[in-house]
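Being a predicted model, the structure only gives us computed values, none of them experimental. Residue numbers count from 1 along this sequence.
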Amino acid sequence: MQDSQPVRRALIGVSDKRGLLELATGLHAAGVEIVSTGGTARVIADAGVPVTPVEEVTGFPESLDGRVKTLHPRVHAGLLADQHNPEHVSQLAQLGILPFDLLVVNLYPFSQTVDSGASAQECVEQIDIGGPAMVRAAAKNHGSVAVVVRPERYDWVLDRVRQGGFSLAERRELAVAAFRHTASYDVAVATWLGAEFAEPDDAGFAEWLGASWQRDQVLRYGENPHQRAALYVGHRVSGLAGADQLHGKEMSYNNYVDSDAAWRAAHDHTEPCVAIIKHANPCGIAVSRAPEPEAIAEAHRKAHACDPVSAFGGVIAANREITVAAAEQIADIFTEVIIAPSYADGAVDVLARKKNVRVLRADSPERGGFEQRAISGGLLVQESDIIDAEGDDPAKWTLAVGAPADAETLADLAFVWRSCRAVKSNAILLAKDGATVGAGMGQVNRVDAARLAVSRAGDRAAGSVAASDAFFPFPDGLQVLLDAGVRAVVQPGGSVRDAEVTAAAEAAGITLYLTGTRHFAH
Ligand SMILES: NC(=O)c1ncn([C@@H]2O[C@H](COP(=O)(O)O)[C@@H](O)[C@H]2O)c1NC=O
């Protein structure tokens with residue numbers, strides 16, 4: 001290549017020794033002199049490949065348990081000298097320092113050590129100092145030096161070396177990757193240290209938030225075709241972002257949004273559950289008390305029956321394995337995405353009869369932690385809403401009025417309460433026999449949410465149970481449910497007009513429970 005620069009001398013210091021021998025052997029065969037740090041040099045030398053220990057370059061022993069190996073002017077001058085600047089070249093000659101053309105480094109495994117549950121002292125020892133210093137030096141000096149931080153690139157590196165070296169464009173690309181690597185590394189260190197040494201007045205929120213995301217996919221478009229979009233993943237890829245796609249077209253932006261809502265809704269239940277989502281709202285959620293493995297097919301039938309019209313083109317999530325029977329049922333319905341923890345033998349083949357349906361296998365979503373939402377000029381951070389708060393346990397509910405619910409009714413109330421938080425606020429949800437029958441979502445007042453839920457339930461409203469994601473500010477919303485024949489209601493309570501709301505429930509002779517916990521979802 002036109003502006004390629006030959007590689008005559010390489011410095012290698014790697015924690016991850018994968019591919020090291022092949023790299024060193026190939027570099028040596030290509031006539032490259034290799035200089036290496038302690039452990040790396042030993043592996044290379046043991047294989048019979050000539051290597052110069054870095055101490056021979058620095059004239060200084062590796063010391064302080066490896067805290068000082070390469071932090072020396074003879075190393076850094078060799079990495080930082082601009083080989084196209086005659087002044088630098090002559091200074092190096094006067095100092096008796098040879099320049100490096102290639103640096104291969106990967107850093108101490110800091111994040112892996114933290115994730116392994118190691119002690120704080122062990123984690124601190126795994127903060128690499130000399131490695132990032134060299135990587136940054138070589139990346140700054142990409143005009144003269146190529147820097148490689150990932151073993152996955154060694155084959156390509158050898159190819160370039162054999163072909164006469166790296167072009168400027170390639171050295172620039174490597175420099176970008178190198179600075180991203182050290183930046184992500186520092187974010188991980190700063191985040192962990194901040195949490196370890198947090199001041200008591202931090203109120204649980206770090207004073208500084210670092211982020212490091214890797215682009216995973218460029219999506220066809222965003223929420224609308226005129227918006228561009230991409231998916232980024234963190235260093236530990238999990239949940240929906242880490243799902244395996246077993247079949248179908250590529251995921252779209254809206255598929256991800258709806259799948260995320262469906263995945264969470266299905267996992268809000270411990271019983272076998274299916275959630276069908278469109279535009280991030282449920283068109284049906286159901287649980288089954290049938291013995292497994294029949295349960296998931298039954299849960300799907302019940303969820304689909306809630307609103308078959310809306311389920312067309314929806315996203316289906318199950319919290320249990322998709323059986324062949326469930327797959328046969330689902331395959332008949334036009335569905336955008338199916339997501340489950342696993343698929344029985346043959347189930348994916350059944351679903352794959354439809355060319356486009358996306359079939360995903362994913363790990364359960366992580367519970368707890370924090371979630372972020374961008375606003376104009378800022379970032380909101382909150383604890384994730386979990387459905388295991390005290391008020392989510394029916395045993396802790398307060399009976400405001402009416403007869404205590406029998407076991408079956410209480411199970412339905414618990415189901416509708418757990419399902420209600422999957423509905424965008426203001427939310428009213430009606431259910432019967434472990435299945436939703438009518439949802440009123442995203443309304444700007446609770447009366448309209450109740451009207452919508454009742455109208456979508458139709459005849460099924462009579463005898464159903466209902467949940468409201470937040471308190472009824474007036475009796476009017478509840479009255480809509482009572483007029484439709486709802487027989488038991490669960491809501492947080494806490495309105496200044498609770499007494500009027502309770503009086504309306506009493507007048508209708510229904511059972512009303514208060515949770516004391518609210519589950520808004522905007
Ligand atoms: N202290 C130093 O001068 C230093 N220079 C390089 N390292 C790291 O030491 C590791 C390689 O060491 P070894 O070859 O001994 O296994 C690499 O991960 C490299 O990033 C250093 N270690 C930590 O800072």
Side-chain angles (χ1 to χ4, degrees), residues 257-258 261 264-265 268 275 277-285 306-307 309-310 373 375 380 382 385 387 389 391-392 397-398 400-402 412-413 415-432 436-508 510-522:
V257 172
D258 286 348
R264 191 180 91 154
D268 276 346
I277 299 285
K278 277 260 290 281
H279 294 244
N281 270 300
C283 14
I285 302 176
C306 175
D307 184 355
V309 173
S310 303
R373 177 183 287 196
I375 57 162
L380 290 169
Q382 68 167 348
D385 185 27
I387 194 75
D392 300 319
W397 291 350
T398 306
V401 73
D412 261 357
L413 283 167
F415 163 78
V416 79
W417 178 248
R418 290 185 95 81
S419 302
C420 189
R421 76 146 184 165
V423 183
K424 300 280 180 209
S425 302
N426 288 326
I428 297 287
L429 189 62
L430 269 50
K432 235 181 206 173
T436 61
V437 293
M441 68 279 278
Q443 302 302 301
V444 287
N445 67 66
R446 208 153 285 278
V447 189
D448 281 340
R451 285 195 189 115
L452 184 57
V454 161
S455 80
R456 291 163 74 95
D459 293 346
R460 297 171 296 180
S464 68
V465 302
S468 173
D469 65 341
F471 63 61
F472 291 97
F474 301 94
D476 49 5
L478 177 66
Q479 195 58 51
V480 173
L481 304 181
L482 301 176
D483 293 346
V486 170
R487 65 191 174 89
V489 174
V490 56
Q491 59 124 340
S495 157
V496 288
R497 293 194 170 79
D498 265 3
E500 291 172 45
V501 173
T502 304
E506 189 171 21
I510 69 143
T511 296
L512 177 65
Y513 281 102
L514 308 180
T515 65
T517 297
R518 185 182 80 181
H519 284 295
F520 267 161
H522 291 102

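Minimum interatomic distance between Pro492 and Thr515 (heavy atoms only, all atoms of both residues): CA-OG1, 3.2 Å. Residues Phe415 and Ile285 come closest through the heavy atom pair CZ-O, 3.3 Å. Of all heavy-atom pairs spanning Met441 and Pro282, the tightest one is CE-O, 3.7 Å. Among all heavy-atom pairs drawn from Ala505 and Val401, the shortest one is CB-CG1, 3.7 Å. Residues Ala449 and Asn426 come closest through the heavy atom pair CB-O, 3.5 Å. When every heavy atom of Arg456 is checked against every heavy atom of Ser310, the shortest pair comes out as NH2-OG, 3.9 Å.
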**Request:** Could you give me the CA-CA distance, side-chain angles and deciding distance for Arg446 and Asp469, then say whether salt bridge (Lys or Arg N to Asp or Glu O under 4.0 Å) is met?
**Result:** CA-CA 10 Å; Arg446 208 153 285 278; Asp469 65 341; 2.7 Å; yes
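Ser425 places a side-chain N or O within donor-acceptor distance of the main-chain N or O of Ala521, the cut-off being under 3.5 Å. Remark: the backbone N or O of Arg460 is paired with a side-chain donor or acceptor of Lys432 at under 3.5 angstrom. Remark: the backbone N or O of Gly493 is not paired with any side-chain donor or acceptor of Asp498 at under 3.5 angstrom. One N or O on the side chain of Ser468 and one on the backbone of Ala470 form a donor-acceptor pair closer than 3.5 Å. Although no hydrogens or angles enter the test, the distance criterion places no donor-acceptor pair under 3.5 Å between the side chain of Asp483 and the main chain of Val480.
For the atom pair CZ (Arg451) and CG (Asn445), the distance works out to 7.5 Å, reported to the nearest 0.5 Å. The distance from atom CG of Asp412 to atom CG of Leu430, rounded to the nearest 0.5 Å, is 11.0 Å. Atoms CG and CD1, on Asp392 and Ile387 in that order, are 4.0 Å from each other to the nearest 0.5 Å.
Of the charged side-chain nitrogens involved, none lies within less than 4.0 Å of a carboxylate oxygen, so that Asp385 and Arg518 do not count as a salt-bridged pair.
Within the 4.5 Å cutoff, the side chain of Asp307 has no heavy atoms near those of the Lys278 side chain. Contact check for Leu482 versus Leu478: side-chain heavy atoms found under the 4.5 Å cut-off. With contacts defined as side-chain heavy-atom distances shorter than 4.5 Å, the pair Phe472/Ile428 qualifies. Between Gln382 and Arg373 there is no side-chain heavy-atom pair separated by less than 4.5 Å. Looking only at side-chain heavy atoms (C-beta outward), Val416 and Val490 come within less than 4.5 Å of each other.
Between Trp397 and Trp417, the ring-plane angle classifies as perpendicular under the 30° and 60° cut-offs.
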